[in-house]
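Reviewing the structure listed below.
Proteins get letters first, then strands, A, B, ... in listed order; numbering begins at 1 in each. Keep in mind that what you see is a predicted model, and the values were worked out from it rather than measured.
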2 protein chains.
Amino acid sequence: MKIAILGGTGKEGSGLGFRWAAAGHEVIIGSRAAEKGERAAEELRALLPDAAISGADNRSAAAAADIAVLSVPYEAQAATLADVRDEVQGKLLVTVVAPLGQPKARVWRLPSGLSAAEEAQLQLGDGATVVAAFQNISATHLRDLDHALDCDVLICGEKAADKDVVAALCGDAGMRGINAGALANAVVAEGLTAVLLGINIRHKISGAGIRITGLPEE
Amino acid sequence: MKIAILGGTGKEGSGLGFRWAAAGHEVIIGSRAAEKGERAAEELRALLPDAAISGADNRSAAAAADIAVLSVPYEAQAATLADVRDEVQGKLLVTVVAPLGQPKARVWRLPSGLSAAEEAQLQLGDGATVVAAFQNISATHLRDLDHALDCDVLICGEKAADKDVVAALCGDAGMRGINAGALANAVVAEGLTAVLLGINIRHKISGAGIRITGLPEE
């Protein structure tokens with residue numbers, strides 16, 4: 001699959017891109033400036049010489065890809081989506097965005113009363129499909145393929161088939177994806193990011209995550 | 001510790017009461033009608049003949065206890081708190097309440113924009129201290145002391161000392177309590193209940209829960 005990571009120069013976006021490229025996907029690291037995307041891609045290619053990783057500006061990346069992953073701070077979400085709106089029509093947009101307030105360990109309720117994922121869906125319109133995922137994973141060990149990731153991914157979206165696509169991407173990145181219900185439920189995954197950040201701060205750790213228990217063994 | 005469980009005749013409240021009584025606490029099962037509380041207490045005493053378990057109406061239970069646990073459906077929260085408001089002044093009120101919308105697996109944003117726990121704090125005033133906990137535990141195995149509970153408890157509240165008291169109660173009930181930040185963060189634990197319910201429905205299980213990963217071993 002051809003995956004564009006919008007805002008892919010950040011730690012989480014590039015870490016996910018690294019894992020997907022290692023799993024055989026074609027990855028395009030998008031950034032506001034093409035050169036920044038290209039530089040980040042080069043860095044990843046140095047680690048994975050056989051992988052298909054390129055860099056581009058966000059809009060070109062979105063245009064070239066089958067699926068787009070939004071990995072920007074919430075503050076940059078609206079501008080990034082405005083930039084790629086036409087290019088993601090007819091595609092799946094997976095949003096990793098989790099709004100963090102001040103202080104960051106405190107859950108931030110957006111003035112809209114919605115989750116950032118729902119705001120993204122409203123902005124893109126019905127022609128694109130937003131699925132929320134990867135809000136609660138730590139970027140710390142993404143670039144270390146030998147490190148087993150001890151966390152699950154909550155996947156929120158309207159259609160099970162779309163969530164299955166994202167669950168497969170979770171698997172390719174070494175994590176278990178779990179259908180967490182409607183897109184509206186993304187407000188929980190987004191808020192959980194602040195809770196986990198607070199736990200990181202209180203325990204002086206970097207990678208608190210969550211696991212869903214009680215599920216039958218695979 | 002003398003613990004009143006308001007709405008303690010329900011599955012979760014009575015299950016927690018059972019575990020706390022087994023751990024040596026004095027437990028008062030509160031209900032709207034004293035007889036209902038007494039009947040539920042009798043049932044628990046049959047299982048734990050040596051334990052200190054009594055039943056009462058919610059108000060008498062709250063008056064007699066050191067700490068009150070609110071375990072009612074969200075729809076009954078305001079009325080129950082109005083009933084016990086005077087009796088819980090100067091005390092800790094631990095709320096287990098998680099609002100569930102329609103459908104129940106969909107996160108319900110309260111019209112106030114707040115969590116149920118914050119609404120409880122506003123209603124009780126500064127004289128009582130609300131801490132949110134136990135939103136995400138399954139009642140299924142609470143009455144089976146041999147069953148290890150595979151879940152953590154997110155504890156939200158303003159003061160670390162109060163959360164320490166609740167963490168000790170988590171431990172007494174066989175679970176790990178984790179400081180999850182400010183009372184405002186209860187919106188995440190409350191929303192997670194709907195997410196877990198949806199997971200239960202989709203996987204035909206009864207006890208999905210959460211674990212926080214990445215913490216140092218105790």
Does the side-chain contact (heavy atoms from CB on, under 4.5 Å) test come out yes or no for B:Asn179 and A:Ile199, once each step is laid out? CA-CA 7 Å; B:Asn179 181 347; A:Ile199 291 172; over 6 Å; no

Using only atom types and a distance under 3.5 Å, with no angle test, would you say the side chain of B:Asn185 pairs donor to acceptor with the backbone of A:Ala105? yes

From the list A:Ala180, A:Gly207, A:Ala182, the residue making the most non-hydrogen contacts under 4.5 Å with chain B is A:Ala180

Which answer fits B:Thr193, side chain, backbone, both or neither, if we ask what part of it has an atom under 4.5 Å from a heavy atom of chain A? neither

Is chain A contacted by the side chain of B:Arg106, its backbone, both, or neither, given a heavy-atom distance below 4.5 Å? both

With a 4.5 angstrom heavy-atom cut-off, which part of B:Ala184 approaches chain A: side chain, backbone, both or neither? both

Contacting region of A:Ile201 [heavy-atom separation from chain B under 4.5 Å]: neither

Among B:Pro103, B:Gly191, B:Gly214, B:Gly209, which residue forms the greatest number of heavy-atom pairs with chain A at distances under 4.5 Å? B:Gly209

Tell me which one of B:Asp150, B:Thr213, B:Ile212, B:Ile210 satisfies side chain to side chain contact (heavy atoms under 4.5 Å, CB included) with A:Arg211. B:Thr213

Of the listed A:Ala186, A:Ala194, A:Gly181, the one with the largest count of heavy-atom pairs under 4.5 Å with chain B is A:Gly181

Between B:Ile205 and chain A, which part of the residue has a heavy atom less than 4.5 Å away: side chain, backbone, both or neither? side chain

Using the rule side chain to side chain contact (heavy atoms under 4.5 Å, CB included), only one of A:Val187, A:Val195, A:Leu196 pairs with B:Val188; which is it? A:Val195

If you round to the nearest 0.5 Å, how far is CG of B:Leu154 from CG of A:Leu192? 7.0 Å

